[in-house]
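So the structure is just underneath, and the comments pick up after that.
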Protein chains: 2
Amino acid sequence: MTQRNEKSGSYHHGDLRDELLQAAVEVAAERGLHGLSLRECARRAGVSHAAPYRHFADKDALLLALGEQGDAWLAEAGRAAMAGIDDAQERLDAYGVAYVRFAVEHPVHFRIMFTSELNGPTDGETDDGETDDGETDDGKEGAFDLLVRSAAEATGTTGEQALVAGFASWCVPHGLAMLLLDGRVPSERAATPEQIDELSRTVLTLWRRGT
Amino acid sequence: MTQRNEKSGSYHHGDLRDELLQAAVEVAAERGLHGLSLRECARRAGVSHAAPYRHFADKDALLLALGEQGDAWLAEAGRAAMAGIDDAQERLDAYGVAYVRFAVEHPVHFRIMFTSELNGPTDGETDDGETDDGETDDGKEGAFDLLVRSAAEATGTTGEQALVAGFASWCVPHGLAMLLLDGRVPSERAATPEQIDELSRTVLTLWRRGT
DNA sequence: GTACTATGTAGACACTGTCAACAATGATGA
DNA sequence: TCATCATTGTTGACAGTGTCTACATAGTAC
């Protein structure tokens, strides 16, 4: 919780950066992402309206930090979900379930992670070919690599094909997560975590064994 | 009627509502959704900053209008794509390809359609059970019904199961579309409409052919 | 014509992101 | 111990925004 009983007296806050991030999640959860304001975060952290600029270059930088936090958490959740599962197919399912669960448990982070608009224009027409496919910051990509490896194993493919298979295995939970966050699933079908896990599993297996 | 070709000189604009919608898409495409402002739209339409309020209650109302426009377009695209295809499975695939293509061709509309935050808080915990499942405004739901019907036919299910199958058939193109819009697909794999169609088809049919 | 309604404008308000100038704090080194 | 200095916070300002109220103009019906 936001426990600022002691620190209110001191000039220096001590952990403002983290508290701002927390406040941002709180505000975004209440008012939506487009209702998030740095000043409100500062208010909740008990500091002046310009204090955040000592920790973040601008508002986008704060959102970016939240996104990276989310990337790390998701990667960890994915790894944990897949750990110890030998069957590649089951591993893929476990990842998908964990993915959707993460999105539902951290909707603000998830939405920020997939909002783009933090790098460039909406359409993504910028020629970002060469700077994007090199060594990456082991967060989500680590999890993605694991996904690709599992997909490759499950489909018996390699290289190019395996990559597409991994990507395809990403689409399903991602789509489900997005639709869930947008309230496109009747609430009686997605009220509890158990229901959501169940739904994820159903969708994942339906997609695979399709017909 | 719309007899206002010389709109710059006349007091009344003649078609301001539409022009505002167009301007909004333009601005959002340039600056991202969070960079969209009513005042900028007004500026581009050549009217004063308060003029939009004669046509939209507030900013959200304008976004909502764009969303509804997108719903209608998408439904039409889906219907057109499925028209004349007898095999249910192929119909589902065709819908998916059209869905993704729509998202890529109308990224601003698509993103607005699935941004929620226009109705309530992010988490969707509001008890909107009864007002949401009744008769709907035949836009997206019409397309969704068609999707469910096709999924039911393809899977040989009915009722509850068919609904979930239809929903699952929605998740895949939706996830793919979202990942595409967020630039998560290497640009060399999604540069042209043909490549995107190809990718959609691959993702949609991956597991069916694979196993 | 006059009255009414639809649609536009001007001005104001609170709020926001962001910057520059200033102030308090804690660490560093003589 | 004390002067120095980078870090971190505050205050005040600016332009831009959503939105409201009051006013102006155009088109329409009588």
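Below, chain A is the first sequence line, B the second, and so on; all start at residue 1. Remember, it's a predicted structure, so these values are computed and weren't measured experimentally.
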- [ ] Can you check each nucleotide of nucleotides 14-22 of chain C against protein heavy atoms at under 4.0 Å and return B for base, S for sugar-phosphate only, - for none, in 5' to 3' order?
- [x] --BBBB-B-
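For the pair B:Arg17 CZ and C:dG8 P, the computed distance is 13 Å after rounding to whole Å. The separation between A:Glu19 atom CD and D:dG9 atom P is 11 Å, rounded to whole Å. Atom CG of B:Leu62 is separated from atom P of D:dG18 by 10 Å (rounded to the nearest Å). Atom CG of B:Leu16 and atom C1' of D:dT25 are 15 Å apart (whole Å).
Contacts classified as salt bridge (Lys or Arg N to Asp or Glu O under 4.0 Å) and involving residues 33-57 of chain B (residues at least two apart or in different chains) are given here: B:Glu26-B:Arg44, B:Glu30-B:Arg44, B:Arg31-B:Glu40, B:Glu40-B:Arg43, B:Glu40-B:Arg44. The salt bridge (Lys or Arg N to Asp or Glu O under 4.0 Å) contacts involving residues 97-109 of chain B comprise B:Arg101-B:Asp197, where partners must be two or more places apart or lie in separate chains.
End-to-end axis angle of the helix from C:dG1-D:dC30 to C:dA30-D:dT1, from C1' rotation axes over five pairs per end: 0° (rounded to 10 degrees).
Partners of A:Glu90 by salt bridge (Lys or Arg N to Asp or Glu O under 4.0 Å), not counting sequence neighbours: none found. With sequence neighbours left out, the side chain to side chain contact (heavy atoms under 4.5 Å, CB included) criterion links B:Ala77 to no other residue.
The one candidate from B:Val104, B:Val172, B:Leu176 that meets the side chain to side chain contact (heavy atoms under 4.5 Å, CB included) condition with B:Ser200 is B:Leu176.
B:Phe56 has its side chain out of reach of B:Leu64: every pair of non-hydrogen atoms, C-beta onward, lies at least 4.5 Å apart.
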TODO: Could you give me the CA-CA distance, side-chain angles and deciding distance for A:His174 and A:Phe167, then say whether ring pair (Phe, Tyr, Trp, His ring centres under 6.0 Å) is met?
DONE: CA-CA 10 Å; A:His174 190 71; A:Phe167 182 73; 9.4 Å; no
TODO: Before giving the answer on ring pair (Phe, Tyr, Trp, His ring centres under 6.0 Å), spell out for A:Phe102 and A:Trp73 the whole-Å C-alpha distance, their side-chain angles and the decisive distance to 0.1 Å.
DONE: CA-CA 8 Å; A:Phe102 171 85; A:Trp73 291 355; 7.1 Å; no
